[in-house]
There are 2 protein chains.
Amino acid sequence: MLQTLSEENYLKAIYHIGKLGNDKVSATAIAEDLGNSPASVVDMLKRLTEKKLIQYDKTKGARLTDQGHKIALLIVRKHRLWEVFLHDKLGYTWDEVHDIAEQLEHIRDYDLPDRLEKFLGFPEYDPHGDPIPKSNGKLPVTKSKPLSEIEVNRKLKITNVSDNSPDFLRYLDKQHVGLNDTITVKEIQGFDKSVLVELKGRKEVYLSAEAAKKIFVE
Amino acid sequence: MLQTLSEENYLKAIYHIGKLGNDKVSATAIAEDLGNSPASVVDMLKRLTEKKLIQYDKTKGARLTDQGHKIALLIVRKHRLWEVFLHDKLGYTWDEVHDIAEQLEHIRDYDLPDRLEKFLGFPEYDPHGDPIPKSNGKLPVTKSKPLSEIEVNRKLKITNVSDNSPDFLRYLDKQHVGLNDTITVKEIQGFDKSVLVELKGRKEVYLSAEAAKKIFVE
DNA sequence: TTAATAAATTAGGTTAGCCTAATTATTAAT
DNA sequence: ATTAATAATTAGGCTAACCTAATTTATTAA
Ligand SMILES: [Mn+2]
Ligand SMILES: [Mn+2]
Ligand SMILES: [Mn+2]
Ligand SMILES: [Mn+2]
């Protein structure tokens, strides 16, 4: 029972939306995530249910079965391993790797993820700080929180970002905000919730509330 | 004007069949190569003509336009670079790389082939001895001939094989016939055209006429 | 040159994966 | 509890890429 490329993308979307702590994975949320119409999503949810990769209930939303979860996690594993490859071995920047990994994650070969992982030296995190699922399905648990929820004057490290879009990542580059950087919240603006942060040493920059929600620290 | 995966495979098939020295690239030859029905091939040839990637004439067969040729050559370049990656970096054997490269050759990114080529140290040949097209479209010309056309007692080197199927390659492994091995034709059987060859030093093995046609030497 | 064989094409059909527009259900607000 | 808003579904349609079976066109052999 091999999955099509589209099916894999739906499973991954359901996995990701579920991870965001949403109480339910609704058809509209999936449609939004994939840029498809709700009608198309309903189509596909039927097919995935048929294949026993999800359970779907109009009001409770979609849930991955064990089998569906396993597949989704493998796609995520491949995606992140390929991102490391592109970044570490081919010198792509962190804003360039995601789109290519979207394609590479679908390459099908039983051995490839494990071989790639070994070749890369068993990396724990991808270029955006996201954890790479292990071969056995284990996923390092991170207890990082969004910068938007941090109180003033705490010194923290940027662990990961939850938006991999080139626009956002290049915005961070421009602000000299990078993974593993040490950061201190100096001020939170009342009127727009923007955050004034101090970057290692001297530089201070304002980050919008939207940006702060996507930057995770620990 | 991006190509679909299927269109890319058709262009590659037309390129390969053309390379075999066939006077024409017929619809049936393409159907044979891709494992599709002739009816499907006719469908696709219309679409490729529409897109100006080929010219097609019922009696003269299919010919790649400049644009079509450029695309086909890029696919071949990507295919062979990925084969080198899988072989040299991930430790796959030469009978394992082709199927995975069939998938990887379709990964789309402007920079990827060049970066991969650099990372691999600008290899000239893939694990089957086939030349890797350069970025500028140049392709090293090899003047190797099939072992089936070699006269007795000439000492030669195996440069490449024209069949990448796991079955054939594992057969060669079993016979201890490998790329770059030195080989001497000791005898050609009259009744079945099988070839008795001496492998570096002492070992002698019989290779069938079919096998000899697929082994190229120089 | 005609007949036989092989190649190409046409006709008609299927499936996956998308779409828009209309409708029905559910949830939230008044 | 109605009403309004939002979510989900249905109906109907489209395209790419395949198929089989029937037919037409070319090629080869007699
Ligand atoms: Mn990514
Ligand atoms: Mn990532
Ligand atoms: Mn190959
Ligand atoms: Mn090869």
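Throughout, protein chains are lettered first and strands after them, A, B, ... in sequence-line order, and every chain is numbered starting at 1.
Contacts of G61(B) with the nucleic acid, taken as non-hydrogen atoms under 4.0 Å apart, are absent.
Between K12(B) and I75(B), the closest heavy-atom pair is CD-CG2, 3.5 Å.
Salt bridge status for E210(B) with K193(B): absent, with no side-chain N to carboxylate O gap under 4.0 Å. Salt-bridge formation is not detected for the pair R77(A)/E105(A): no Lys NZ or Arg NE/NH1/NH2 atom is positioned less than 4.0 Å from an Asp or Glu carboxylate oxygen.
A straight line from CG of L2(B) to C1' of dT15(D) spans 17 Å, rounded to a whole angstrom. Taking atom CG on L45(B) and atom P on dA17(D), their separation rounds to 13 Å, with Å as the unit.
Across all strands shown, dA30(D) forms a Watson-Crick or G-U wobble pair, both distances under 3.5 Å, with dT1(C).
The aromatic rings of F85(A) and W82(B) sit tilted relative to each other, their planes meeting at an angle between 30° and 60°.
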Set out, line by line, the N/O atom pairs under 3.5 Å between protein and nucleotides 20-22 of chain D.
none

Taking only nitrogen or oxygen atoms into account, show me every contact under 3.5 Å that the protein makes with nucleotides 26-28 of chain C, one pair per line with its distance.
none

Close N or O pairs between protein and nucleotides 14-17 of chain C (under 3.5 Å):
from, atom 1, to, atom 2, distance (Å)
dG17(C), OP1, T4(A), OG1, 2.6
dG17(C), OP2, R47(A), NH1, 2.3
dG17(C), O5', R47(A), NH1, 3.4

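Near DNA chain C, meaning a heavy atom under 4.0 Å away, there are no residues from residues 27-34 of chain A.
Applying the ring pair (Phe, Tyr, Trp, His ring centres under 6.0 Å) criterion to H69(A), with sequence neighbours excluded, gives Y15(A). Residues forming a ring pair (Phe, Tyr, Trp, His ring centres under 6.0 Å) with H98(B) (at least two apart in sequence, or on another chain): H79(B). Take D99(B) and apply the side-chain contact (heavy atoms from CB on, under 4.5 Å) test, not counting sequence neighbours, and it matches no residue. When the ring pair (Phe, Tyr, Trp, His ring centres under 6.0 Å) test is applied to H106(A), no partner is found at least two apart in sequence or on another chain. Partners of E149(A) by salt bridge (charged side-chain N to carboxylate O under 4.0 Å, His left out), not counting sequence neighbours: none found.
Neither OP1 nor OP2 of dA17(D) sits under 4.0 Å from any side-chain N or O of K46(B).
Taking CD1 of I215(A) as the start and CG of L156(A) as the end, the distance is 12.0 Å to the nearest 0.5 Å.
Residue pairs that meet the side-chain hydrogen bond (donor to acceptor under 3.5 Å, both in side chains) test with at least one member in residues 87-96 of chain B, sequence neighbours left out, are D109(A)-Y92(B), T93(B)-D95(B), T93(B)-E96(B), W94(B)-D173(B), D95(B)-R170(B). Note on residues 32-45 of chain A: pairs passing side-chain hydrogen bond (donor to acceptor under 3.5 Å, both in side chains), not counting sequence neighbours, are Y10(A)-N36(A), S37(A)-S40(A). Annotation: ring pair (Phe, Tyr, Trp, His ring centres under 6.0 Å) contacts involving residues 26-66 of chain B, sequence neighbours excluded, are absent.
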